[in-house]
Amino acid sequence: MSFNYMYIPIGVPTFHLESAQKEFEKSVSLLKSIDENVDVPEEMLLSIDKLNSFTENKNPDLIIVQNVTFANGAYIAEVLRKIDCPVILWTLREPVIDGTRLRLNSLTGAYSAANVLHEFSRPFCYVLGSPEEADVKKAISAAVSAAKVKKALKSLNIAQVGHTPQGFGFGRALDMEMMTTFGANLVSIEARELIDKAKSFTDEDVASYLEDAKKRINGLDKIDAKNVLDFARLYRAYDEFVKEGNIGALSSRCWPDFFTAFGTPVCSVLGILNDLDVPAACEADTYGALSMYICSQLTGRPSFFGDPVSVDEKDNTITFWHCGMAPCSLAREDTGACAGLHCNRKIGPTLEFGCKAEPEVTIFRVGKKPDGSFRFFVKRGEAADAPQQFYGTSIVVKAEESGKTVRASVEDGWEPHFVVAMGDIADEILALANMLGIEVLEY
């Protein structure tokens, strides 16, 4: 589904139109540099008739309403009456302050527009500044990216493979909550269905999957041969399920079923799915998988999923870990992604490695409050150049006030699974939360 957004420069002709025209032209250039598919008018919309003519029968995914000069609340009301999508409200700075006339009066227009937006109960992202300011481009770019994710969520099929283990209910999703809050379609399937599917494949059926896995994972030849073949069977079963169902993200039950009913863990399969652009979380944490999907949409890269297991206040680091299902592409280059045995069950193959350094990362989680409403966890950091910390996969995140963050997030009751995204996407997440009407706790 293609994304389209619209620039709506409103105003009245009684202000300094030469100044307004310059800001209009610079604004168009800025927006086209962010996404050239932006729909822009040929001229400033200095009357409600021109505004209506430009917006008639259009259905954008995002609108940027800019007071190129002052405009009263009737302008934005006309827009909101016809268009229902996320809004960026953009205020221009006064170009000249010289004791003479007010050139634009964009800020007063913003107050008028914001007042109407509140009357309509419509959330909006607010940007203040001139088109040539770096912070303005950054803020608009973040909002555009967030609006793209919001649209992508509406076409997302997210799968829940099996049930959460006892005591892990925080990850269990409900189809109506997923659809009404995020727009995504929740698909549910029992883990035994994929196990049975995997059991039906012969060694020849999974030969190509095994060869693909050997290119991604070092040391598979050191794992029991039957387990490696059964892992390849699982790989094909999940891959076909994803392709046949047009699944964009999934969560999967892992223990104890894949150890007791199949004899081989699913960890490595989930790691590979992440590298195949299908965000996948273990322990059937569907909101964890949703968190991973949002991050992958914003960064274009797979993310790390795991538990916070260690904090070092002196180094300001938090270690995130899981049994062995991180994307192979995140592995340190000096080791690569290695095959190993599950730390508790002693059955393989799982993935074993520490993650490579990354100059900017974002810790993120879609969580729920006791009343059932959603909230977002956000914290900026960087991934340290650190070796594997424990059996399984690990990433060490350097973040300001790490000890304070851990204490506060425990006291605030956050779920024990978090996502580490490769890149600073905090602004985009804040904008997405605004568009979805979700509370954000930025630590």
Side-chain angles (χ1 to χ4, degrees), residues 1-8 27-40 59-66 83-90 122-129 131 133-156 158 181-184 248-249 274 277-279 289-304 358-366 374-382 419-442:
M1 298 175 65
S2 61
F3 175 85
N4 66 90
Y5 74 116
M6 182 186 294
Y7 170 51
I8 305 177
S27 297
V28 169
S29 296
L30 172 64
L31 295 176
K32 287 186 175 180
S33 74
I34 294 171
D35 189 323
E36 62 181 12
N37 294 317
V38 61
D39 185 6
V40 301
N59 187 32
D61 301 303
L62 171 71
I63 55 175
I64 299 178
V65 179
Q66 180 195 72
I83 299 175
D84 184 10
C85 70
V87 179
I88 299 175
L89 180 60
W90 183 4
R122 295 280 291 276
F124 61 93
C125 298
Y126 183 57
V127 178
L128 169 62
E133 295 178 31
D135 286 347
V136 168
K137 182 173 184 178
K138 182 180 178 183
I140 294 175
S141 296
V144 169
S145 295
K148 289 179 179 179
V149 173
K150 184 177 185 294
K151 180 169 185 176
L153 284 166
K154 291 182 179 180
S155 59
L156 171 65
I158 183 168
T181 303
F182 301 99
N274 278 298
D277 298 326
V278 183
L290 179 65
S291 304
M292 298 175 82
Y293 176 81
I294 291 170
C295 289
S296 71
Q297 288 290 303
L298 290 172
T299 66
R301 298 176 60 188
S303 55
F304 186 95
E358 192 72 31
E360 294 179 322
V361 300
T362 306
I363 305 169
F364 176 58
R365 170 78 202 187
V366 175
F374 289 91
R375 60 180 178 172
F376 284 175
F377 177 105
V378 180
K379 185 169 180 69
R380 293 176 168 92
E382 64 177 285
V419 174
V420 181
M422 304 302 117
D424 183 354
I425 53 171
D427 290 344
E428 288 81 352
I429 290 171
L430 292 170
L432 179 62
N434 178 288
M435 294 173 187
L436 295 173
I438 292 176
E439 177 188 3
V440 181
L441 276 71
E442 189 173 11

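Predicted model only: the values in this text are computed from it and were never measured.
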Correct closest heavy-atom pair for C85 and P60 would be CB-O, 3.5 Å
Inter-residue atom distance I8.CD1 - I64.CD1, 0.5 Å rounding: 9.5 Å
Please name all residues satisfying side chain to side chain contact (heavy atoms under 4.5 Å, CB included) with Q297, sequence neighbours left out, ordered by chain then number. V149, A152, Y293
Straight-line distance of K379 NZ to I429 CD1, nearest 0.5 Å: 13.5 Å
Can you see which heavy atom on F3 is nearest to which on L62, and at what distance? CZ-CB, 4.1 Å
Correct closest heavy-atom pair for S145 and E428 would be CB-CG, 3.9 Å
Of all the heavy-atom pairs spanning A143 and I88, show the shortest one and how long it is. CB-CD1, 3.3 Å
Are side-chain heavy atoms of F377 and L441 found at a separation under 4.5 Å? no
Applying side-chain hydrogen bond (donor to acceptor under 3.5 Å, both in side chains) to E439 and not counting sequence neighbours gives K369
Quick check: do Y5 and D61 have side-chain heavy atoms less than 4.5 Å from each other? no
Any V420 side-chain heavy atom under 4.5 Å of E358 side chain: no
Where the side chain of D424 meets the backbone of A426, is there a donor-acceptor pair that is under 3.5 Å apart? yes
Quick check against the 3.5 Å criterion: does R365 have a side-chain atom that pairs as donor or acceptor with the backbone of R375? no
Just so I know, are the side chains of S27 and W90 near enough to count as touching, which here means a heavy-atom distance under 4.5 Å? yes
Is L153 close to L290 at the side-chain level, that is, under 4.5 Å between some pair of heavy atoms? yes
So how far is it from T299 OG1 to E360 CD, rounded to the nearest 0.5 Å? 12.0 Å
Taking atom CD1 of I425 and atom CZ of R380, what is their separation to the nearest 0.5 Å? 10.5 Å
Please give me the minimum heavy-atom distance between L30 and I140, naming the atom from each residue. CD2-CD1, 4.3 Å
Considering only heavy atoms from C-beta outward, does the side chain of F182 approach that of V366 to under 4.5 Å? yes
Applying side chain to side chain contact (heavy atoms under 4.5 Å, CB included), name anything that partners E133, two or more places apart in sequence or on another chain. R93, S130, V136
With a 4.5 Å cut-off on side-chain heavy atoms, are C295 and T362 touching? no
Y7 meets the side-chain hydrogen bond (donor to acceptor under 3.5 Å, both in side chains) criterion, sequence neighbours left out, with Q66
Return the set of residues passing side-chain hydrogen bond (donor to acceptor under 3.5 Å, both in side chains) with K137 (not counting sequence neighbours), or none when no residue passes. none
Just jot down the side chain to side chain contact (heavy atoms under 4.5 Å, CB included) partners of E382, sequence neighbours excluded, or say none. K398
Interatomic distance, CZ@F374 vs CG@L436, rounded to 0.5 Å, equals 10.5 Å
When rounded to the nearest 0.5 Å, the distance separating CG of L298 from CZ of F364 is 8.5 Å
Over all atoms of both residues, closest heavy-atom pair of P302 and M422: O-CG, 3.8 Å
Answer yes or no: is there a side-chain heavy-atom contact under 4.5 Å between N274 and P279? yes
